[in-house]
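Here the structure comes first, spelled out in structure tokens, and everything after it is commentary.
So that the names make sense, note that chain A is the first sequence line, chain B the second, and so on, each numbered from 1.
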2 protein chains.
Amino acid sequence: MRADALRNRERLVEVAQSAFATNGIDTSLEEIARQAGVGIGTLYRRFPTREDLIAAVLAERYLKLTDVALVLAEEREDVDTAMTEWLTLLMEHMAIYRGLSMAVKEAIHDVDTALGRTCRGMIDAGELLLTRGQKAGAFRLDITFYDVMTMCSAIVLAVERRSEKPNASELPKVNPYLLLDIVLRGIRV
Amino acid sequence: MRADALRNRERLVEVAQSAFATNGIDTSLEEIARQAGVGIGTLYRRFPTREDLIAAVLAERYLKLTDVALVLAEEREDVDTAMTEWLTLLMEHMAIYRGLSMAVKEAIHDVDTALGRTCRGMIDAGELLLTRGQKAGAFRLDITFYDVMTMCSAIVLAVERRSEKPNASELPKVNPYLLLDIVLRGIRV
DNA sequence: CGCTAAACGGAGTCACCCTCCGCTTAACTT
DNA sequence: AAGTTAAGCGGAGGGTGACTCCGTTTAGCG
């Protein structure tokens with residue numbers, strides 16, 4: 001890869017990161033290209049789909065997350081609290097950008113996309129924790145981590161607010177940690 | 001309302017219903033207008049937002065659903081099975097059109113839109129079942145039906161497949177009824 | 001220094017949303 | 001039956017964003 005191309009790529013990921021943070025994952029790609037000072041064609045050449053760009057932005061962050069799962073699975077800690085801790089982290093990571101949980105939900109089924117592979121990595125990591133808990137008799141046997149992950153992404157998705165809320169209602173805010181607690185209770189034997 | 005306007009309105013709802021069924025709730029509104037044989041302006045005059053059209057399509061269906069809740073709440077039936085039955089129905093109704101659960105999730109916060117009011121109606125209906133169950137000591141006291149409804153719409157949302165699946169993965173299909181079971185377990189005392 | 005493949009960039013095409021306004025017509029009045 | 005008029009109609013037009021294509025530029029090698 002040519003030096004200029006590499007520079008542009010890095011700049012794009014950097015700009016995308018901050019654009020996702022402020023405007024959610026559905027920001028206009030043309031806007032990102034403009035802010036990065038490159039043509040839209042350059043963005044598309046490097047990241048043919050939006051998901052590729054998302055995956056690039058998330059790369060290191062998600063590697064850390066799988067590492068944590070490995071550590072938690074190997075430590076002698078209580079299986080239940082290990083699961084609780086990791087699911088909390090997982091949910092918080094899926095909540096960093098508005099729209100991300102939706103993208104994750106969509107990508108989870110795609111075998112051969114960058115974001116899809118990342119998600120599969122998360123599932124594999126979580127599976128470790130789940131099966132350990134199942135062997136210890138803490139969790140029901142009729143579920144897979146895919147089910148649990150689905151519920152977690154669903155919670156984040158459901159709790160997510162869209163940017164503008166002109167007629168904000170007086171409905172109570174939903175507490176994602178309460179919902180996670182419901183799920184945790186639901187998966188115990 | 002003039003006779004021709006009424007005719008057009010009915011035709012639009014009818015066409016929208018079938019378009020939503022085949023293409024999901026995000027179908028092009030221009031396509032709906034075209035199929036209904038009216039101009040796009042006419043559609044927008046009658047249904048200023050997409051949500052208004054959705055609400056019109058769902059109107060009777062959702063009235064029935066609240067009725068069922070009332071009946072279930074008044075019958076001497078077991079509170080737990082009443083809740084299970086109604087949540088199952090609720091989920092199935094939210095799953096009839098791809099994208100509907102998303103629209104519901106968004107609309108739930110809007111006090112003064114047609115779809116928003118419909119959703120609030122659902123929450124009120126479900127609240128009856130929940131509080132009855134809570135009084136009977138069957139469900140935890142720290143949750144509202146809003147939480148439960150959120151989980152249900154989240155499940156539907158998470159399970160929903162997008163239309164085209166070019167690279168369908170070999171991942172197991174998630175079973176929404178299993179996820180509902182997790183939630184039900186999670187809300188019991 | 002010259003060459004060339006890699007990279008660039010933005011104009012162009014497409015799809016959809018939504019508004020605005022001149023024309024049409026249902027339906028009431030006399 | 002004819003006249004009146006406000007309700008209704010429709011589609012052109014303007015805006016936004018995705019994505020492609022191809023003529024131009026340039027990094028980096030020999």
Side-chain angles (χ1 to χ4, degrees), chain A residues 1-16 19-20 22-57 97-100 102-103 106-107 110 113-115 162-164 166, chain B residues 1-16 19-20 22-57 97-99 102-103 106-107 110 113-115 162-164 166-167:
Chain A
M1 187 139 115
R2 250 163 63 169
D4 54 346
L6 187 63
R7 217 161 36 232
N8 281 338
R9 194 202 134 92
E10 279 165 0
R11 180 111 187 83
L12 277 168
V13 171
E14 192 180 312
V15 168
F20 288 167
T22 57
N23 290 92
I25 223 132
D26 294 323
T27 321
S28 153
L29 294 179
E30 285 175 334
E31 175 65 16
I32 290 175
R34 217 181 41 70
Q35 280 185 34
V38 306
I40 184 65
T42 299
L43 187 154
Y44 273 98
R45 191 169 331 97
R46 212 51 67 190
F47 305 102
T49 70
R50 182 183 292 275
E51 283 65 41
D52 291 322
L53 183 53
I54 297 172
V57 168
Y97 306 130
R98 179 161 37 82
L100 175 57
M102 186 64 167
E106 300 271 307
D110 299 334
T113 69
L115 189 53
R162 69 174 172 297
S163 47
E164 11 69 55
Chain B
M1 190 139 115
R2 252 164 60 170
D4 54 347
L6 187 65
R7 219 162 32 233
N8 281 337
R9 195 203 134 92
E10 279 166 359
R11 182 110 186 83
L12 278 168
V13 171
E14 193 179 312
V15 169
F20 288 166
T22 57
N23 289 90
I25 223 131
D26 295 323
T27 322
S28 153
L29 293 180
E30 285 176 332
E31 176 66 15
I32 290 175
R34 219 180 42 69
Q35 279 185 33
V38 306
I40 185 67
T42 298
L43 187 154
Y44 273 97
R45 192 171 330 98
R46 213 50 68 191
F47 305 102
T49 71
R50 174 177 238 105
E51 283 66 38
D52 291 321
L53 184 55
I54 297 172
V57 167
Y97 306 131
R98 179 161 37 81
M102 187 63 168
E106 300 269 310
D110 298 335
T113 68
L115 189 53
R162 69 173 172 295
S163 47
E164 10 67 58
N167 27 13

Output the rounded distance in Å from CD (A:Q35) to P (D:dG17).
12 Å
Nucleotide-resolved protein contact map, nucleotides 20-30 of chain D, B/S/- at heavy-atom distance under 4.0 Å:
B-----BSS--
Looking across every strand, which nucleic acid part, if any, lies under 4.0 Å from A:R46 by heavy atom: base, sugar-phosphate, or nothing?
sugar-phosphate
Side chains of A:L12 and A:V38, heavy atoms from C-beta outward: is any pair under 4.5 Å?
yes
When you match A:R9 and B:R50 each to their closest nucleotide on DNA chain C, which lands nearer the 5' end?
A:R9
Neighbours of DNA chain D within residues 22-33 of chain A, by heavy-atom distance under 4.0 Å:
A:T27, A:S28, A:L29, A:E30
So, do B:R50 and B:L29 sit near enough that their side-chain heavy atoms are less than 4.5 Å apart?
yes
So where does chain B start and stop touching DNA chain C, 5' to 3', when the test is distance under 4.0 Å to a non-hydrogen atom?
C:dC16 to C:dA27
Think B:N8 has a side-chain N or O under 4.0 angstrom from the OP1 or OP2 of D:dC9?
yes
Taking only residues two or more places apart in sequence or in another chain, which ones pass salt bridge (Lys or Arg N to Asp or Glu O under 4.0 Å) with A:R45?
none
Could you check whether any side-chain heavy atom of B:I32 comes within less than 4.5 Å of a side-chain heavy atom of B:L53, counting everything from C-beta outward?
yes
Do B:R11 and B:V15 come close enough that some side-chain heavy atom pair is under 4.5 Å?
yes
Among all residues two or more places apart in sequence or in another chain, which pass the ring pair (Phe, Tyr, Trp, His ring centres under 6.0 Å) test with B:F20?
B:Y97
So do the side chains of A:R9 and A:M1 get within less than 4.5 Å of each other, counting heavy atoms only?
yes
By salt bridge (Lys or Arg N to Asp or Glu O under 4.0 Å) - contacts of B:E10 (at least two apart)
none
Backbone N or O of A:I25 within a donor-acceptor pair of the A:R98 side chain at under 3.5 Å?
no
Might you work through the side chain to side chain contact (heavy atoms under 4.5 Å, CB included) test for A:I54 and A:F47, ending with a clear yes or no?
CA-CA 9 Å; A:I54 297 172; A:F47 305 102; over 6 Å; no
